[in-house]
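Okay, so here's the structure we're looking at.
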There are 2 protein chains.
Amino acid sequence: MEDIVAQVMRQWERIHPELDVTPIAVIGRLNRCVLLLQQATDAPLREHGLTRPEFDILGTLRRLDRELTPSQIARETFASGAAVTKRVRFLEERELVSRRPDDRDRRVSHLALTEQGRLLIDRLLPEQLGYEGALLEAMAPERQGELADLLGELLLLLEGRLGVRQP
Amino acid sequence: MEDIVAQVMRQWERIHPELDVTPIAVIGRLNRCVLLLQQATDAPLREHGLTRPEFDILGTLRRLDRELTPSQIARETFASGAAVTKRVRFLEERELVSRRPDDRDRRVSHLALTEQGRLLIDRLLPEQLGYEGALLEAMAPERQGELADLLGELLLLLEGRLGVRQP
DNA sequence: ACCTGGTGTTTTATCTGTAAAATATATGGT
DNA sequence: ACCATATATTTTACAGATAAAACACCAGGT
């Protein structure tokens, strides 16, 4: 059976037989998989009143297990500073994250999970991982492993080529 | 060398050793790859004054090589009706797409590429594919093939599981 | 002490996308 | 013919994102 991207590729080949459409096989499928996965995995978060990027901020603070400045959060979550400002404001209002001024540099603040925030992320993460695992479970673990390896190879290549600096 | 998602996984394992974080190996990498690829591949389109979803509408009309109604475009491009309305309005203003009423059903309109629109997509598509191919070229063609196959397997699985109807 | 340039963060203006309501029309049963 | 229901599309109201400007502060040179 053929997935939808294969159909699209055949349509293009009919119109432009001279064109090499193989990039679509990888990039088109990546886009489509991510769209479907995002729709599926964002839904449970919304029920807890969180967007994916807000969840990512809580997760970043938890997994690094220390205070972070807004800029560090922006770098870790690949978001703009402005976006972080808004998300952190929301998380502060919900008392999931707290802010402390820096001693030396008064431009800087340090953000940390509140007790409530830590409890929430520790409850949500296993739930979220379970849900994600369930989406993948129809794929054999070895196949998942191969896929993960190939994606890692691609990611490393893209990070290099597109000039990403690590925080 | 380790990609950034592998680092994130190790951080989580340190915090929650009991948790199975393998879904991140696939889903985290997918998200990150797509973000990087989108940033890279949207840039050339912007120079032509098009967003990715607008480009997708032109591409859909071209590859199906016939008129489409707004609803059909919405289904083909996985967009909401409202989004299609806006994008088509913009494309009509730029005279890349034209609209014709249906003979039988006055709710329906039929959209087609204008001469200008066809010329634009026929110029942009090879350019875009070339750019995408260049991003992938550091990966051996056989590896790309394996990756495409695994993504196809995943996509088919997700389309089945998440209940997608084909247009 | 006072600039100058740089950095960290927030604000502003603007754009895009969506859900839900509104509009217009079609279809089938009575 | 009329009504109820369904469908195609657009409009509206609003949420979220970004780029650019604004703001606040620091650090080094003079």
Side-chain angles (χ1 to χ4, degrees), chain A residues 31 34-36 38-40 42-43 45-58 60-61 67-94 97-112 165 167, chain B residues 31 34-36 38-40 42-43 45-47 49-57 60-61 67-94 97-112 165 167:
Chain A
N31 283 324
V34 163
L35 190 65
L36 288 170
Q38 278 180 355
Q39 286 171 0
D42 287 0
L45 294 177
R46 291 214 96 95
E47 291 180 15
H48 294 278
L50 287 177
T51 63
R52 161 70 51 173
E54 286 153 7
F55 176 80
D56 284 346
I57 291 180
L58 296 181
T60 301
L61 285 167
E67 295 182 322
L68 293 174
T69 68
S71 331
Q72 287 173 329
I73 291 192
R75 272 194 298 277
E76 283 286 336
T77 63
F78 309 106
S80 68
V84 171
T85 296
K86 285 190 189 178
R87 289 163 192 161
V88 167
R89 176 156 48 223
F90 171 80
L91 294 172
E92 280 185 273
E93 279 164 11
R94 284 196 51 183
V97 158
S98 64
R99 186 186 293 260
R100 171 182 82 69
D102 187 273
D103 303 327
R104 307 274 190 90
D105 188 335
R106 278 182 296 174
R107 289 169 305 182
V108 175
S109 32
H110 298 274
L111 302 165
R165 349 168 212 321
Chain B
N31 283 323
V34 163
L35 189 65
L36 288 170
Q38 278 181 354
Q39 286 173 0
D42 288 359
L45 294 177
R46 291 215 97 96
E47 291 181 15
L50 288 176
T51 63
R52 160 72 50 174
E54 285 153 7
F55 176 79
D56 284 345
I57 290 180
T60 301
L61 286 167
E67 295 182 322
L68 293 174
T69 68
S71 329
Q72 288 172 329
I73 292 194
R75 272 193 298 277
E76 282 285 338
T77 63
F78 310 106
S80 68
V84 171
T85 297
K86 285 190 189 178
R87 289 164 192 160
V88 167
R89 175 155 49 222
F90 171 81
L91 294 171
E92 279 185 275
E93 279 165 11
R94 285 195 50 182
V97 159
S98 63
R99 185 186 295 258
R100 172 182 81 70
D102 186 273
D103 303 326
R104 308 271 189 92
D105 188 336
R106 278 184 295 173
R107 290 169 305 182
V108 175
S109 32
H110 298 274
L111 302 165
R165 3 184 192 309

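Just so it is clear: chains get the letters A, B, ... in the order the sequence lines come, proteins before strands, and each one is counted from 1.
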Starting at [atom1] of [X] and ending at [atom2] of [N], how long is that distance when rounded to a whole Å?
X        : N      : atom1 : atom2 : value
A:Ile57  : D:dG16 : CD1   : C1'   : 13 Å
A:Asp103 : D:dC26 : CG    : P     : 12 Å
A:Arg46  : C:dA19 : CZ    : P     : 9 Å
A:Leu68  : C:dG8  : CG    : P     : 14 Å
A:Asp105 : D:dA27 : CG    : P     : 6 Å
A:Gln39  : C:dG17 : CD    : C1'   : 13 Å
A:Ile73  : C:dG8  : CD1   : P     : 14 Å
A:Arg75  : C:dT7  : CZ    : P     : 11 Å

Decide yes or no for [X] and [Y]: does some side-chain heavy atom of the first lie under 4.5 Å from some side-chain heavy atom of the second?
X        : Y       : result
A:Leu50  : A:Arg94 : yes
B:Leu111 : B:Thr69 : no
A:Thr85  : A:Phe90 : no

For [N] and [X] - does any side-chain N or O of the residue sit under 4.0 Å from the phosphate oxygens OP1/OP2?
X       : N      : result
A:Arg87 : D:dA17 : yes
B:Arg99 : D:dT10 : yes
A:Thr69 : C:dG8  : no
A:Arg89 : C:dT11 : yes

Practice problem: Record whether the side chain of B:Lys86 comes under 3.5 Å of the base of C:dG17 through a donor-acceptor pair of N or O atoms. | Solution: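 Yes.
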Quiz item: Hey, is the side chain of B:Arg107 pairing donor to acceptor with the base of D:dT7 inside 3.5 Å?
Solution: yes
Minimum-distance nucleotide (side-chain atoms of [X] versus [options]):
X        : options                : answer
B:Val108 : D:dA8, C:dT10, C:dT18  : D:dA8
B:Thr85  : D:dG16, C:dA26, D:dT11 : D:dT11
A:Pro70  : D:dC25, C:dT10, C:dG17 : C:dT10
A:Ala82  : D:dC25, D:dT18, C:dT18 : D:dT18

Quiz item: Taking for each residue the nucleotide of DNA chain D bearing the nearest heavy atom, is the 5' side occupied by A:Ser80 or by B:Val84?
Solution: B:Val84
Practice problem: Specify the closest pair of heavy atoms between A:Pro70 and A:Arg99, including all atoms of both residues, with the distance to one decimal. | Solution: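 In this case the closest contact between A:Pro70 and A:Arg99 is CG-NH1, 4.5 Å.
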Quiz item: Is the shortest distance from a Lys or Arg side-chain nitrogen in B:Arg107 or B:Asp105 to a carboxylate oxygen in the other one below 4.0 Å?
Solution: yes
